[in-house]
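Since the structure comes first, as structure tokens, the remarks are kept for the end.
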Number of protein chains: 2
Amino acid sequence: MTADTFTAVLWPEDHGPRRGPKPALSKERIAAEAIALADNAGLEAVTMQRLADGLGCAKMALYRHVPGRGELIALMTDTALGTPPELDGDWRTGLRQWTEAAWRGFTPHPWLAYTAVGPRVFGPNELGWLEAALGALDGTGLGPDQRLDVVALLSGHVRALVLQAGGAYGTTEAEMIDANHGILAAHGDDFPLTVAAFGHTGTDNAFEFGLTCILEGVAARIADAG
Amino acid sequence: MTADTFTAVLWPEDHGPRRGPKPALSKERIAAEAIALADNAGLEAVTMQRLADGLGCAKMALYRHVPGRGELIALMTDTALGTPPELDGDWRTGLRQWTEAAWRGFTPHPWLAYTAVGPRVFGPNELGWLEAALGALDGTGLGPDQRLDVVALLSGHVRALVLQAGGAYGTTEAEMIDANHGILAAHGDDFPLTVAAFGHTGTDNAFEFGLTCILEGVAARIADAG
DNA sequence: CAGTACTGTGTCCATCGTACGCTAATTAAA
DNA sequence: TTTAATTAGCGTACGATGGACACAGTACTG
């Protein structure tokens with residue numbers, strides 16, 4: 001019931017010639033403006049009013065093109081994901097390319113980590129990304145379930161890193177870091193290992209570390225299966 | 001500035017004897033009721049009004065104990081996380097215990113996957129979980145940054161699995177699955193591998209698969225470092 | 001007993017998503 | 001060419017939300 005409206009927005013059908021006035025708005029324009037808004041001011045800044053202001057139209061005009069806010073966010077999400085990358089090489093280099101492309105794609109749109117998550121209706125771009133990753137795993141001895149697990153593992157890693165690097169919008173990331181430093185200064189005796197871990201300046205590449213770990217583990221499973 | 005209020009809620013200071021009327025409410029009661037509400041009806045059902053109704057008080061009474069909704073959610077989060085587990089054995093069995101305990105802890109509170117994420121002010125329980133995981137990694141040759149990376153990897157895996165298993169609250173998970181089946185039925189020609197992957201009934205244990213992959217990869221890095 | 005600090009409450013407000021009906025524009029049918 | 005059907009954008013209105021603020025009563029302190 002509600003899911004139908006998501007499908008309608010994400011998979012538009014080509015209607016014939018329409019009758020009324022020429023539309024001044026379009027799903028594409030709305031999505032582009034909403035994405036820009038979310039990139040600049042965070043997802044919670046994407047309100048119907050602000051969106052309409054940015055587009056120079058009335059708030060209610062948006063509802064002619066998008067049934068509601070949820071569907072709008074789904075549309076933003078699939079649009080911002082963009083078209084999937086072309087992969088080459090064996091499964092390992094292919095998956096590495098895939099994950100790095102996803103990382104590059106997510107970085108300018110940190111809010112994707114909140115919207116491209118959980119049970120949801122897939123859009124064409126998202127399905128394309130999934131298909132590309134499964135293509136890299138084709139020919140390995142992994143079963144269908146396990147291939148999906150691997151994709152979930154890699155996309156989960158990208159999301160986690162985006163969240164870690166990104167920052168909450170309500171309060172600044174620097175504020176949070178300050179607050180946590182203050183907490184550790186006050187209660188650090190109870191958490192010595194944590195204090196020690198945060199004491200060192202983080203110079204390593206968390207994305208690379210996690211990606212290598214995952215691919216190493218997947219290689220072991222492929223070796224098992226083969 | 002805003003982060004201060006989070007610290008104040010999560011790390012309460014012991015004030016001396018207070019003067020006014022005996023409080024009928026407490027942070028603990030509020031948190032418990034809010035957690036129950038979120039477990040039953042989803043995080044977005046946790047509204048100040050409903051929370052007050054459940055507690056039998058006026059909406060504004062809540063603000064005497066919790067400065068705002070954000071801080072309330074932070075409090076719910078740290079409370080629902082509970083106390084960290086005791087680990088034994090080598091790093092590998094310790095981390096496995098840790099991750100399985102987190103998985104068991106998250107399952108009754110799927111909304112944790114949305115709240116225990118991103119830059120945020122840590123509460124005592126959350127720091128305790130972190131300390132426990134770092135304890136398991138103590139003695140391995142990994143550097144401080146890499147230890148934090150491992151913990152992020154494991155907690156990210158738990159979150160991803162909770163989201164996958166849980167379900168969106170707005171629309172039923174079954175609805176979403178139906179919608180996606182319809183989409184694949186209509187546009188499946190463009191995504192043959194995806195169709196094939198979803199065609200098989202998922203009998204595997206995604207949590208176990210991912211956990212094993214990650215631990216295998218971490219073992220390789222520890223071997224490198226050692 | 002006075003004063004003071006604190007809890008719970010009622011009222012009020014800006015903002016949010018969105019339902020509904022009107023108007024004007026455009027094309028299909030007569 | 002007229003007329004009817006359909007559609008885009010808009011204005012108004014409504015319920016729900018988070019929260020500011022002032023006021024009441026209550027308990028401890030002097």
Side-chain angles (χ1 to χ4, degrees), chain A residues 1-2 4-6 8-9 12-30 33-34 37-38 41-76 115 169-171, chain B residues 1-2 4-6 8-9 12-30 33-34 37-38 41-76 115 169-171:
Chain A
M1 169 136 161
T2 316
D4 296 356
T5 62
F6 285 82
V9 170
E13 296 177 21
D14 200 13
H15 289 63
R18 311 214 125 221
R19 204 174 280 202
K22 312 279 186 191
L25 289 146
S26 67
K27 280 209 288 269
E28 289 71 23
R29 276 192 62 206
I30 294 176
E33 180 72 22
L37 209 53
L43 191 62
E44 81 281 347
V46 178
T47 171
M48 293 311 213
Q49 186 62 65
R50 265 191 286 263
L51 190 50
D53 291 348
L55 288 164
C57 69
K59 182 174 59 161
M60 291 313 290
L62 302 173
Y63 286 88
R64 291 282 170 200
H65 303 263
V66 168
R69 185 166 193 268
E71 291 85 349
L72 168 69
I73 290 180
L75 179 65
M76 290 168 61
T115 63
Y169 289 108
T171 57
Chain B
M1 169 134 164
T2 316
D4 296 356
T5 62
F6 285 82
V9 170
E13 296 177 22
D14 201 13
H15 290 64
R18 313 214 125 222
R19 203 172 281 203
K22 313 279 186 191
L25 271 63
S26 66
K27 279 209 289 268
E28 289 71 24
R29 277 192 62 206
I30 294 176
E33 180 72 22
L37 210 52
L43 191 62
E44 82 281 347
V46 179
T47 171
M48 294 309 213
Q49 186 61 64
R50 264 191 286 264
L51 190 49
D53 291 348
L55 288 164
C57 69
K59 178 176 67 160
M60 292 313 292
L62 302 172
Y63 287 90
R64 290 283 170 203
H65 303 262
V66 167
R69 186 166 193 266
E71 291 85 349
L72 168 69
I73 290 181
L75 179 64
M76 291 169 60
T115 63
Y169 289 108
T171 57

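Letters go in sequence order (proteins before strands), and every chain restarts at 1.
Distances shorter than 4.0 Å separate some side-chain N or O of B:His65 from OP1 or OP2 on C:dG8.
Remark: B:Arg29 pairs with B:Leu25, B:Ser26, B:Leu55 by the side-chain contact (heavy atoms from CB on, under 4.5 Å) rule, at least two apart or across chains. Residues that satisfy the side-chain contact (heavy atoms from CB on, under 4.5 Å) test with A:Ala45, not counting sequence neighbours, are A:Ala41, A:Arg50. The side-chain contact (heavy atoms from CB on, under 4.5 Å) test applied to A:Arg18 returns A:His15, not counting sequence neighbours.
Atom NZ in A:Lys59 sits about 12 Å away from atom P in C:dA19, given to the nearest Å. The interatomic distance linking B:Met48 (CE) with C:dG8 (C1') rounds to 15 Å, in whole Å. Residue B:Leu62 contributes atom CG, which lies 14 Å from atom C1' of C:dG10 at whole-angstrom precision. Distance A:Glu71 CD to C:dT18 P: 8 Å, rounded to the nearest Å. Look at CG on B:Asp53: it is 16 Å from P on C:dG8, rounded to the nearest Å. One can place CD of A:Gln49 at 10 Å from P of C:dT15, the figure rounded to the nearest angstrom. Taking atom CG of residue A:Leu72 and atom C1' of nucleotide C:dT18, one finds them 14 Å apart after rounding to whole Å. The interatomic distance linking B:Leu25 (CG) with C:dC6 (C1') rounds to 14 Å, in whole Å.
The footprint of chain B on DNA chain D, defined by a heavy-atom cutoff below 4.0 Å, extends from D:dT17 to D:dT29.
Nearest heavy atoms, B:Ala38 versus B:Met76: CB-CE, 3.7 Å. The shortest heavy-atom contact between B:Glu33 and B:Gly54 is OE2-CA, 3.6 Å. The shortest heavy-atom contact between A:Cys57 and A:Leu62 is SG-CD2, 4.1 Å.
Expressed to the nearest 0.5 Å, how far CG of B:Asp53 lies from OG1 of B:Thr47 amounts to 9.0 Å.
Nucleic acid contact class of B:Ala58 (heavy atoms, under 4.0 Å, all strands): sugar-phosphate only.
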Identify each donor-acceptor pair in which a side-chain atom of residues 64-74 of chain B lies under 3.5 Å from a protein atom, sequence neighbours left out, and give them as a table.
from, atom 1, to, atom 2, distance (Å)
B:Arg69, NE, B:Val46, O, 3.2
B:Arg69, NH2, B:Leu43, O, 3.3
B:Arg69, NH2, B:Val46, O, 3.1
B:Glu71, OE1, B:Gly68, N, 3.4
B:Glu71, OE2, B:Thr5, OG1, 2.5

**Report entry** Base-contact (B) and sugar-phosphate-only (S) positions in nucleotides 20-30 of chain C, heavy-atom cut-off under 4.0 Å, - elsewhere
**Finding:** BB---BBBS--
